[in-house]
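Quick notes on the structure that follows.
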Amino acid sequence: MNTPSPPTAEPPPTARELLAFYLEAGVDCALLEEPPNRLLDPEIATPPPVAAPTANIRRPPPAPAAIPRAPAATAPAPDVAIASARDAARTAPTLEALRALLETFDGCALKQTATRLVFADGNPQARIMFVGEAPGRDEDLEGIPFIGRSGKLLDRMIGAIGLDRTTAYITNVIPWRPPGNRDPSPQETQICLPFIKRQIELVDPDVLVCLGKPSSHAVLELKDGIMRTRGRWHNYDTGTRTIRAMAMFHPAYLLRQPIHKRLAWQDLRAISKALDAATSAPAT
Ligand code: URA
């Protein structure tokens with residue numbers, strides 16, 4: 001009789017296999033296991049010790065200790081950063097000046113981990129402006145908003161009502177990619193808010209479209225989820241006049257939930273009508 005041979009232990013994964021595993025799981029940038037408090041003095045904010053690996057549990061190796069950390073001088077307390085963002089944003093007389101200001105603004109820690117500033121794309125003279133949440137990996141590499149998968153869908157969506165990047169202006173609430181595509185923190189959003197508000201004021205579109213819940217909460221101050229708020233008109237005070245504004249599904253959401261494209265199409269048709277109406281009755 002054959003006696004079953006004992007199970008052979010699996011060989012440990014190679015570094016290449018581990019990296020491939022991480023990449024497939026969406027981990028495309030190095031992070032610590034515990035979030036460091038970047039607002040503290042770097043001497044104080046040492047990362048917590050990494051626990052010794054437990055036997056039989058396959059876990060990723062500890063993150064490298066020497067993660068570059070922003071110097072304390074570049075990470076002011078959130079309320080200081082919000083106040084300085086407000087003061088700075090209102091001084092920008094043009095979009096170019098606003099972009100230049102953001103290039104030198106050090107109040108938001110996201111800048112430290114992003115590859116580059118993602119300011120805007122499209123036509124600054126456009127009568128319609130789309131505002132998303134924050135850049136993703138593709139946008140971070142190119143410095144252009146909405147050029148990845150969801151951007152391609154956005155292009156098709158606006159194309160369906162006769163628009164493209166020569167007739168629309170596209171940007172985000174947050175101009176730097178949050179590491180690993182995590183959600184921006186409320187503080188990071190508040191720090192970036194004066195800049196997007198100033199950007200809306202300078203573009204001065206007839207119609208403003210917030211893509212997804214985070215953008216509609218930040219810019220339009222809506223409280224409900226996108227399913228309740230989408231497709232309704234709101235008044236947005238640009239600082240110089242009141243314009244029509246709508247929240248609609250973010251294209252990334254539509255990629256996950258294509259069944260809702262029908263509702264998105266209704267919203268796009270309403271947006272197109274509003275643009276036509278603004279043409280025949282230009283703002284005074
Ligand atoms: N999602 C966004 O909200 N903005 C981008 O630029 C890309 C993806």
Side-chain angles (χ1 to χ4, degrees), residues 26-29 95 98-99 102-103 108 110-111 113-124 126 128-159 163-200 203 205 207-222 225-227 229-230 236 245-258 260-261 263-264 267-268 271:
V27 181
D28 55 6
C29 77
L95 288 170
L98 188 65
R99 177 197 283 262
L102 276 164
E103 293 281 10
C108 183
L110 292 176
K111 186 179 183 178
T113 48
T115 310
R116 65 189 76 236
L117 174 76
V118 180
F119 185 68
D121 194 24
N123 185 346
I128 183 160
M129 178 167 180
F130 292 88
V131 183
E133 182 184 14
R137 184 162 161 264
D138 296 318
E139 291 78 16
D140 177 66
L141 293 175
E142 298 291 327
I144 302 170
F146 284 100
I147 51 153
R149 262 186 89 214
S150 58
K152 302 250 171 345
L153 178 56
L154 179 62
D155 285 342
R156 291 208 301 278
M157 287 161 63
I158 66 174
L163 297 170
D164 60 22
R165 292 184 189 225
T166 67
T167 49
Y169 186 88
I170 300 172
T171 187
N172 284 302
V173 174
I174 311 273
W176 297 283
R177 181 200 185 197
N181 288 356
R182 67 158 169 76
D183 290 342
S185 71
Q187 287 89 347
E188 287 158 355
T189 301
Q190 286 308 309
I191 292 166
C192 295
L193 202 52
F195 295 107
I196 183 61
K197 286 189 167 173
R198 182 67 180 143
Q199 203 175 160
I200 297 169
V203 175
V207 175
L208 174 67
V209 181
C210 288
L211 298 166
K213 180 171 117 173
S215 167
S216 62
H217 280 204
V219 175
L220 302 181
E221 296 176 14
L222 304 182
I226 195 72
M227 201 52 99
T229 58
R230 56 144 283 276
Y236 179 86
M246 182 187 279
M248 70 175 292
F249 292 130
H250 193 288
Y253 177 77
L254 292 172
L255 286 172
R256 295 192 302 272
Q257 302 285 337
H260 290 137
K261 283 186 181 170
L263 294 174
D267 298 347
L268 285 166
I271 288 164

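Atoms within each ligand, like the ligands themselves, are counted from 1 in listed order. Only heavy atoms go into these numbers, but all of them, side chains included; no hydrogens, no water, no symmetry mates.
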For Asn172 against Ile196, the heavy-atom pair lying closest together: O-CD1, 3.6 Å
Mind checking whether Glu139 contacts ligand 1 via backbone (N, CA, C, O), side chain (CB onward), both or neither, at a 4.0 Å heavy-atom cut-off? side chain
Within-cut-off N or O pair, Gly136 and ligand 1, under 3.5 Å: no
Which ligand 1 atoms does Gly132 reach within 4.0 Å, using its non-hydrogen atoms? 3 (O)
Would Leu211 and Glu133 count as a side chain to side chain contact (heavy atoms under 4.5 Å, CB included) here? Give the steps. CA-CA 7 Å; Leu211 298 166; Glu133 182 184 14; over 6 Å; no
Could you check whether any side-chain N or O of Lys213 sits under 3.5 Å from a backbone N or O of Met227, counting only pairs where one atom can act as donor and the other as acceptor? no
Output the list of atoms in ligand 1 that are nearer than 4.0 Å to some heavy atom of Pro145, sorted by atom number. 6 (O)
Mind checking the CG-SG spacing from Leu222 to Cys210? Nearest 0.5 Å is all I need. 7.5 Å
Among all protein heavy atoms, pick the one closest to atom 8 (C) of ligand 1 and tell me residue, atom and distance. Ser150 OG, 3.6 Å
Quick one: side-chain hydrogen bond (donor to acceptor under 3.5 Å, both in side chains) pairs with a partner in residues 114-124, sequence neighbours left out? Thr115-Asp140, Asp121-Arg165
Polar proximity ligand 1 side, Ala134 side, N/O cut 3.5 Å exclusive: yes
Evaluating non-hydrogen atoms only, which member of His250, Glu133, Arg137 is closest to atom 1 (N) of ligand 1? His250
Of all the non-hydrogen atoms in the protein, which one sits nearest to atom 4 (N) of ligand 1, and at what distance? Asn172 OD1, 2.8 Å
Might you confirm whether atom CZ of Arg149 has over 12 heavy atoms from other residues, nucleotides or ligands at distances under 6.0 Å? no
